[in-house]
Structures are given as structure tokens and as C-alpha cells.
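Before any comments, here is the structure.
First listed ligand is number 1; within each ligand, the first listed atom is number 1.
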Amino acid sequence: MKDENCLTLAIESSCDETSAAVLRGGRELLSNIISTQIPVHQKFGGVVPEIASRKHIVNIMPVIDEALREASVTLQEINQIAVTYGPGLVGALLVGVSAAKALAFSLGVPLVGVNHLEGHIFANFLSSPELKPPFMALVVSGGHTSLVHVKGYNHFALMGQTRDDAAGEAFDKIARVMGLPYPGGPQIDKLAREGNPDAIDFPRALQEKGNYEFSFSGLKSAVLNYLNSSAQKGCPVPKADVAASFQKSVIEVLVSKAMEAVKETGMDTLVLAGGVAANSSLEQRLLDVTALHGYKFYYPSRVLCTDNAAMIACRAFYQSRAGFYSNLYLNAVPGLALTDIEN
Ligand code: KG4
Ligand code: ZN
């Protein structure tokens, strides 16, 4: 069979989205069904792992059925099964991994275990079919903040990552203390549009040249201190200004480190990935800065920024083309690191 006819059925269940997608070849997306659990977790202010696992069990088969129906493809036509096996919540991952193994075994087709972070990067190949490695990727999600030098489809070098909180986690925590619903990122994004980003001078960590690590815990504490001391003084809290100033602090660090990494590695392309890629100010700032320096810039469409199985299918296609399959002993790996297959 020719590569471009290969049908991949992919499953994603690493956090609070149950998703299944069907992809033909590497870039022709036939369906991408996402069942979000956000309303379920909202009343707890964040994802409750045990509830997430239970919801995945309930949702997974209907979501797979829907993905096949929308793609007008039968299970018997599927050539390979892809699944996220890490990083993520162990109980949530296990639901997807178990379903994928059962399908691969019963259909007699190969299984491809996919790294969720790599999936986020590959979402860009679906949004921008002309994109090819090498490039620099800034991965910003609820669980990760990393700069990855993508040297080839299966060849990655981690330039740096966060020492503590991920960017999305910082958005979610700040939103929570400001009384905004989960997930906080989109809420802060919206509120920040009404505020002054220069109103409060929040800190920016690890700014020394050549340092590609991130840290957002100091910023988080500074925002919490500001909110507490305003409350103690009985001053009204300028929530929109806090949101805008906090967001500016995060974005400046992300942008300056990403640009330095592009320059340092001699790349001409920057790619944005992960849930925080949906942030309108981050996208705009990177559009402006990359244009100023003459670099190409790509970011995924909104639906492909946050968790989805389409990106997992795309990653799986390029893994399988390089002969990198999993066996039926595949297990969930909550702390999975990037896999450099070609090195
Ligand atoms: O990639 P993702 O769906 O899940 C993980 O792999 O973690 O990312 C979810 C994260 C959440 O922290 C959410 O608040 C953040 O992405 N997010 C945003 C925006 N939309 C989602 N953060 C800032 N601005 C947004 N517009
Ligand atoms: Zn994610």
C-alpha cells in the first residue's frame, strides 16, 4: 500500500478530552471528534484525575464510532491504530492505551504509541501542509513549556523546558484565584484585552542569554502577593490590568527565548504548539516579531491547538513511515520524554 493511502485511527485521552480521529496519509484529515470534559471538572476548579478516567471509559467507544462514521470509513479499512501513551494522567492514558491495544489486536493491524508533546508539534503539519522540518518549536500547554529543535520528522533536541509550572498551568492558577472558571487560559486572554499590560511590573525569570529554561512559579507568587495585598488594603483589584500585566510577563519570556533559540540554531522557522498557542496576544506578538526578523511562523488552527487525536494520527504516520511501531505490551508512561528515533 502507498503511504498516502494509509488510514490511521488515532485515540487521545491524556487529560480531560476524549478524542478520536481518522487520517489518510500524513496530512488528509477525515475526522477529528473531541468530547471535552471541561463542564464536568469546572465545578472543582481543575481536572480531577479519577473523574477524568471514568468519563474516558464512558466516552471512548462512542467517540471512536463517531470518528469512523464522519470519515465514512469502517474499522476493517483501518491500517493502523495510534494512541497517546504519555505524558499525561496515568488513569486517563490507560483508557486510551487499552482501547487501542484491543482494537489493534482484534483487527490484526499495527499499533503506534505516540508522545503527546510530539503530537502537539505535529498539529502544525495538518494546519500548514507546506511545513517541513527543520524548525524550532515552542510547545506551551497546560502540562509543558518546552523549546524543541525539530531536526527531522523523528529527530528532536530539547533546548530547554520549565523548571516548575507550565505556562498554561500558571494561567489556570492565576485565573482560579481571581475567581474565573476552569480552564483559566481563555478567560485571562479575554479579560486581558480590557486591561493595561503595563499597569503592573510583574517579574520575568531566567532572562540571561543562552538560558532556554523557563520558570513561572515566581511570577505566580508575585501575582498572588499583589492580589492579597490589594485585598488587605481594601483596594479594589484591577482584574483586567492584573490579567493583562501577567499575560504580558509570560508572553515576553516565551517570545524572547523562542527568538533566541531560532537564531542560535540557525533556523528560519518558528512553530507554536500546545493549548496556550490559542492565546491571541501570544500569536500576534510572535507574528510581529518573526516578521520583523524575516522568519517564517506557523501556528495550528484553534481546534488543533488544544488536545485532539488528529495531531496524534499525524505524528503516528511519520513514526510508522520510519518503522517505529509499538507492541501489545505498550503501557501508559505519565512522565514520558521526547523520543529521538533517528539519533
Ligand atoms: O495542550 P492542552 O489542551 O493540554 C495539555 O496538554 O496540557 O492545553 C491546555 C492549556 C490550559 O492550561 C489552558 O488554560 C490553556 O491551554 N489555554 C490557553 C488558552 N486556551 C487554552 N492559555 C492562554 N490563552 C488561551 N487562549
Ligand atoms: Zn496537550
Side-chain angles (χ1 to χ4, degrees), residues 10-19 21 32 34-38 41-42 45-47 49 52 56 83-89 92-93 96 114-124 137-146 148 161-162 165-178 180-193 195 197 214 216 219-220 243-244 246-251 253-255 271-286 299-312 314-315 334-336 338:
I11 299 170
E12 155 64 39
S13 70
S14 65
C15 191
D16 58 348
E17 262 94 33
T18 321
S19 181
N32 183 29
I34 305 166
S35 166
T36 183
Q37 303 177 7
I38 286 176
H41 299 285
Q42 225 156 27
V47 178
H56 284 308
V83 66
T84 304
Y85 73 107
L89 302 168
L93 288 165
V114 170
N115 181 311
H116 182 79
L117 247 77
E118 294 168 12
H120 272 302
I121 297 172
F122 278 59
N124 280 280
L138 172 63
V139 189
V140 272
S141 72
H144 296 87
T145 305
S146 319
V148 182
Q161 58 188 335
T162 184
D165 290 349
E169 197 178 351
F171 271 92
D172 293 342
K173 286 180 179 169
I174 297 302
R176 190 174 172 170
V177 292
M178 294 211 298
L180 300 168
Y182 175 83
Q187 305 288 333
I188 298 261
D189 190 357
K190 207 163 115 203
L191 189 59
R193 280 177 220 149
F214 301 88
F216 296 108
L219 168 63
K220 186 183 68 189
F246 158 76
Q247 183 172 280
K248 182 177 177 188
S249 207
V250 174
I251 290 176
V253 173
L254 294 174
V255 171
V271 163
L272 183 60
V276 184
N279 185 277
S280 49
S281 303
L282 177 60
E283 274 172 14
Q284 193 52 53
R285 185 90 181 91
L286 284 171
Y299 56 96
S301 61
R302 283 291 147 92
V303 71
L304 294 176
C305 284
T306 44
D307 292 348
N308 65 86
M311 66 186 196
I312 304 304
C314 183
R315 174 70 195 111
L336 184 67
L338 290 171

Legend entry - Aromatic ring pairing His116/His120, orientation class (parallel under 30°, perpendicular over 60°, tilted between): perpendicular
Inset, instruction - Compare all side-chain heavy atoms of Ile312 with those of Val83 and state whether any distance is below 4.5 angstrom. - result: no
Inset, instruction - With heavy atoms of Gly275 as the reference, note each atom of ligand 1 found under 4.0 Å away. - result: 1 (O), 2 (P), 8 (O), 16 (O), 17 (N), 18 (C), 19 (C), 20 (N), 21 (C)
Legend entry - Residue, atom name and distance, where the atom is the protein heavy atom closest to atom 9 (C) of ligand 1: Gly142 N, 3.8 Å
Legend entry - Any donor-acceptor pair under 3.5 Å from Asp172 side chain to Gly46 backbone: no
Inset, instruction - Report yes if the side chains of Leu282 and Tyr299 come closer than 4.5 Å at any heavy-atom pair, otherwise no. - result: no
Legend entry - Heavy-atom closest pair, residues Cys15 and Ala52: O-CB, 3.8 Å
Legend entry - Residue-ligand contact His120/ligand 1, heavy atom below 4.0 Å: yes
Legend entry - Sub-3.5 Å N/O-N/O distance, Gly143 and ligand 1: yes
Inset, instruction - Check Asp172 against ligand 1 and report side chain, backbone, both or neither, counting heavy atoms closer than 4.0 Å. - result: side chain
Legend entry - Sub-4.5 Å side-chain heavy-atom contact between Ile188 and Met178: yes
Legend entry - Glu17 backbone acceptor or donor facing Thr36 side chain under 3.5 Å: no
Inset, instruction - Tell me which one of Thr36, Val276, Val139 gets a heavy atom nearest to atom 15 (C) of ligand 1. - result: Val276
Legend entry - Closest protein heavy atom (residue, atom, distance) for atom 2 (P) of ligand 1: Asp307 OD1, 3.3 Å
Legend entry - Within reach of ligand 1, part of His116 (heavy-atom separation under 4.0 Å): side chain
Legend entry - Proximal atoms of ligand 1 relative to Ala278 (non-hydrogen, under 4.0 Å): 20 (N), 26 (N)
Legend entry - Heavy-atom side-chain proximity of Leu272 to Val140 below 4.5 angstrom: yes
Inset, instruction - Could you check if a side-chain atom of Leu219 sits within less than 4.5 angstrom of a side-chain atom of Asp165, using non-hydrogen atoms only? - result: no
Legend entry - Sub-4.0 Å atoms of ligand 1 with respect to non-hydrogen atoms of Thr306: 3 (O)
Legend entry - Which of the ligand 1 atoms, numbered from 1, are nearer than 4.0 Å to a heavy atom of Gly168: 12 (O)
Legend entry - Student check: side-chain heavy atoms of Leu304 and Met311 closer than 4.5 Å: no
Legend entry - Heavy-atom gap Cys15 to ligand 1 smaller than 4.0 Å: no
Legend entry - Part of Asn279 with heavy atoms under 4.0 Å of ligand 1, whether side chain, backbone, both or neither: both
Inset, instruction - Please report which non-hydrogen protein atom sits nearest to atom 18 (C) of ligand 1, along with the residue it belongs to and the distance in Å to one decimal place. - result: Gly185 CA, 3.6 Å
Legend entry - Any Leu254 side-chain heavy atom under 4.5 Å of Phe216 side chain: yes
Inset, instruction - For atom 26 (N) of ligand 1, find the nearest protein heavy atom and state the residue, atom name and distance (0.1 Å precision). - result: Asp189 OD2, 2.9 Å
Legend entry - Protein-derived N, O or S atoms lying under 2.8 Å from the Zn ion (ligand 2), waters excluded: 3
Legend entry - Main-chain N/O of Val148 paired with Ser146 side-chain donor or acceptor, under 3.5 Å: no
Legend entry - Asn279 side chain near Phe171 side chain, heavy-atom distance below 4.5 Å: yes
